[in-house]
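For clarity, every value in this text was computed on a predicted model and none was experimentally measured. Chain identifiers are assigned alphabetically (A, B, ...) following the order of the sequence lines, protein sequences preceding nucleic acid strands; residue numbering begins at 1 within each chain. Heavy-atom basis, side chains included; hydrogens, waters and symmetry copies ignored.
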Amino acid sequence: KLTEGFGSVFGRLRGYGKLSERTIDEALVEIRRNLLEADVHYSVVKDWLASVRERAIGKEVGESFTPAEQFIKIVYEELISVLGKEPVELEPGSGRKTILLVGLQGSGKTTTTAKLARYLQKKGRHPYLVPIDPRRPAATEQLQVLGKKINVPVFPYDGSLKFKKVCRQALEEAEGEGADVVLVDSAGRMEIDSHLIEELQEICRAIQPQEVLLVLDGMTGQVALSVAKGFREAIGITGIVLTKMDGDARGGAALSLRATLEKPIYFMGVGEKVEELEVFYPDRLASRILG
Amino acid sequence: KGVVSKGKGTTLESVREALLAVDVGPQVTEQLLSRLQEQNHRGPLLEKLREAIRSDLKKLERAVSVREKPFVILFVGVNGVGKTTTIAKVAHGFQKEGRSVLLAAADTFRAGATGQLKTWADRLQIPCVMGQEGADPASIAFQAIESAKAKGMDVVLIDSAGRLHTEAPLMDQLKKIQRVSAKALPQAPHETWLVLDGTLGINTVEQVRQFQKALSVSGLVITKLDGSAKGGSLIAVAQSFQIPVYFVGIGETLEALIPFSSEEFVRSLFL
Ligand SMILES: Nc1nc2c(ncn2[C@@H]2O[C@H](COP(=O)(O)OP(=O)(O)OP(=O)(O)O)[C@@H](O)[C@H]2O)c(=O)[nH]1
Ligand SMILES: Nc1nc2c(ncn2[C@@H]2O[C@H](COP(=O)(O)OP(=O)(O)OP(=O)(O)O)[C@@H](O)[C@H]2O)c(=O)[nH]1
Ligand SMILES: [Mg+2]
Ligand SMILES: [Mg+2]
């Protein structure tokens, strides 16, 4: 499946018997270009290729009866070792749980909050939604409309900046509704906006979330890396959701984030509808990234 | 030439990485570098590069020309790029020039979309034509232009729902908005502006390609350049498309919109 993706590079290699170091380097140049075109961060590409090259010029390939196949296997293994061997479930668990969704403006947090609520509901949980976006016009309305669609209660947030009070009230309301998982939607923000990062830290202190999910647009470019690091530094990240993967972006940001944060990518958003959330499968994304 | 070995010394390699780091992409990066090496360079490579990019982008600078009344601009783009917010900023800009503006809330699909635009309209104290959820966006555009004609408004700004360029039926829906707008006013929409998110990578070029093919995009706006992103994918866009870039979004408030300047863009690119 993966080798269908890497098409011409592997196809050409198979034409060779033994693979010289030069042939391997030529293949790596092509793979490098593929990964950069997939929006993988250039420094992550550099490091990743170095580890592939180290294995590729060694005995593994050199002494193999099928060097091209061995090379392809190494590329795949090295990709999977970064992306993850299997899907990691967002623990639906059984105890009371609070999940905070964070990320850049427009990445899909509000939509993902509703999708996640529906997913957890299907797993037998009782979600409660808390919109905390004091700035975006009709932000609360957006989450309320979505909540109504999936029959999940939504806290009537009025835009107040008294976050400690808002969070306490919201958690009380959630308890009153018999909810066992609280999903908190936050406003979009840049990781370099110190004022808004402080706001996020204040919200985080007030709700003490068990999970902080970075919601990242699947089409995000090279900044994905610094964005992820910025949010990690500010409040810590426990997992990632990659959105808008129903388009033709290759999603290389996933590789950059996995290589750097080493946190699980739980889900992919694959559409605007509330049911369009998929568990993240590393091998599927590997093929997609390789192009 | 090798992927892990150094190129022609670290200067070339560091310039290459500087381009990759801002989403220029590997293909256009190599095109730019080989173009520079062909021009027998005297002087620092980075300076020659800056100059080459600046002159490419200079061609995309243009002032908006309001050429009919009402002047109609349709805003399109993929999900979450900043269309609705940009419309509010552009409306504010026209108002400051003394022009009357009317908004068309033709995103009848997304939760809270009409409420979002209506809130901006109320803040700007301007009319906003809206419809029921699920109403035909083209009919809202039509009604808005008719209303603007009747009221003698100067400008109509049409908001549309975000959509991926890979969804053919949704691209067709935009074509319909254009066709039906022309029924209300033959030259409308005078402009179709594609809003691009400055934090996105190489997919930006494909967005321009597909939207341009479907709608003959007449202008670009690049948003979210107030963050760590530099919008370098615009350099790749400029290699294949000569669509003017009218504005740059640099924040979430009404004032956070500046005319595109190739000079300023290049200066911030390699900061
Ligand atoms: N095609 C597609 N669109 C999506 C997906 N997830 C979200 N969207 C759309 O992306 C746009 C932005 O989504 P929002 O949920 O408003 O994003 P947000 O992060 O809450 O935005 P801010 O609160 O302004 O930062 C909307 O048009 C959504 O419908 C997805 O997986 N696929
Ligand atoms: N920092 C920053 N945020 C921006 C900019 N432009 C828009 N935004 C924010 O990006 C988010 C999405 O903006 P919208 O105007 O809702 O985007 P849209 O394209 O209309 O989204 P959909 O209609 O859902 O496709 C909002 O939180 C905006 O405030 C900008 O230039 N800088
Ligand atoms: Mg939101
Ligand atoms: Mg919008």
Side-chain angles (χ1 to χ4, degrees), chain A residues 22 25-26 28-29 31-39 41-43 45-46 49-50 53 104-108 110-111 114 135-146 149 188 190-193 217-224 226-227 230 243-244 246-250 252-253 271-272, chain B residues 1-5 16-17 19-23 25-27 29-30 78-82 84-85 88 109-120 122-123 133 161-167 197-204 206-207 210 223-224 226-233 252-253:
Chain A
R22 170 164 170 200
D25 274 339
E26 285 173 356
L28 291 177
V29 166
I31 292 172
R32 171 183 176 275
R33 178 169 157 158
N34 254 308
L35 294 176
L36 291 172
E37 297 205 331
D39 293 318
H41 194 272
Y42 75 89
S43 68
V45 173
K46 202 170 184 175
L49 282 174
R53 185 175 195 273
L104 296 181
Q105 288 87 347
S107 65
T110 304
T111 310
R135 281 170 300 282
R136 174 171 159 148
T140 297
E141 179 190 340
Q142 186 183 1
L143 195 59
Q144 282 173 330
V145 168
L146 292 173
K149 255 196 196 139
M190 302 291 188
E191 83 286 3
I192 60 167
D193 186 328
D217 191 321
M219 306 179 269
T220 308
Q222 299 283 305
V223 288
S226 44
V227 168
T243 62
K244 308 178 203 171
D246 41 315
D248 55 2
R250 307 253 296 278
E272 295 195 69
Chain B
K1 272 293 180 62
V3 69
V4 199
S5 59
R16 174 177 282 118
E17 288 189 347
L19 286 169
L20 291 175
V22 296
D23 295 307
Q27 188 175 334
T29 293
E30 294 315 315
V78 305
N79 307 75
V81 296
T84 305
T85 311
F109 170 76
R110 205 208 70 212
T114 298
Q116 186 185 4
L117 191 67
K118 177 81 173 96
T119 302
W120 281 118
D122 291 346
R123 286 182 192 175
E133 184 189 345
R163 68 208 62 220
L164 294 180
H165 49 285
T166 46
E167 296 285 324
D197 182 332
T199 67
L200 303 187
I202 302 198
N203 196 255
T204 300
E206 193 56 22
Q207 290 174 23
Q210 296 305 328
T223 63
K224 307 180 193 172
D226 47 310
S228 42
K230 309 292 169 119
S233 58
E252 303 189 71
T253 61

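Proximity to chain B involves both the backbone and the side chain of Asp248(A), based on heavy atoms less than 4.5 angstrom apart. Using a 4.5 Å cut-off between heavy atoms, Val78(B) contacts chain A through its side chain alone, with no backbone atom that close. Contact annotation for Ser226(A): only side-chain heavy atoms (C-beta onward) come within less than 4.5 Å of a heavy atom of chain B. With a 4.5 angstrom heavy-atom cutoff, Leu200(B) touches chain A via backbone and side-chain atoms both. For Glu206(B), the part lying near chain A is the side chain, with the backbone staying farther off; criterion is any non-hydrogen pair under 4.5 Å.
In this structure, a donor-acceptor pair under 3.5 Å is absent between the side chains of Asp39(A) and Asn203(B). A donor-acceptor contact closer than 3.5 angstrom links the side chains of Asn79(B) and Glu272(A). Between Glu252(B) and Thr85(B), the side chains place no donor N or O within less than 3.5 Å of an acceptor N or O (distance only, hydrogens not considered).
Contact count versus chain A (heavy atoms, under 4.5 Å) is highest, among Val22(B), Thr166(B), Asp23(B), for Asp23(B). Annotation: maximal heavy-atom pairing with chain A below 4.5 Å, among Lys230(B), Lys224(B), Glu167(B), occurs at Lys224(B). Of the listed residues (Thr243(A), Val45(A), Asp193(A), Asp246(A)), the greatest number of heavy-atom pairs within a distance under 4.5 Å of chain B belongs to Asp246(A). Top candidate by heavy-atom pairs under 4.5 Å with chain A, chosen from Gln27(B), Gln116(B), His165(B), Arg123(B), is Gln116(B).
No side-chain heavy atom of Thr199(B) sits less than 4.5 Å from a side-chain heavy atom of Asp217(A).
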Give every donor-acceptor pair under 3.5 Å between a side-chain atom in residues 137-145 of chain A and any protein atom, sequence neighbours left out.
from: Thr140(A); atom 1: OG1; to: Tyr157(A); atom 2: O; distance (Å): 3.2
from: Gln142(A); atom 1: OE1; to: Arg136(A); atom 2: NH2; distance (Å): 3.3

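A salt bridge does not link Glu30(B) with Arg33(A): every distance from a Lys NZ or Arg NE/NH1/NH2 to an Asp or Glu carboxylate oxygen is 4.0 Å or more.
Closest heavy-atom contact between Leu146(A) and Ala114(A): CB-CB, 3.7 Å.
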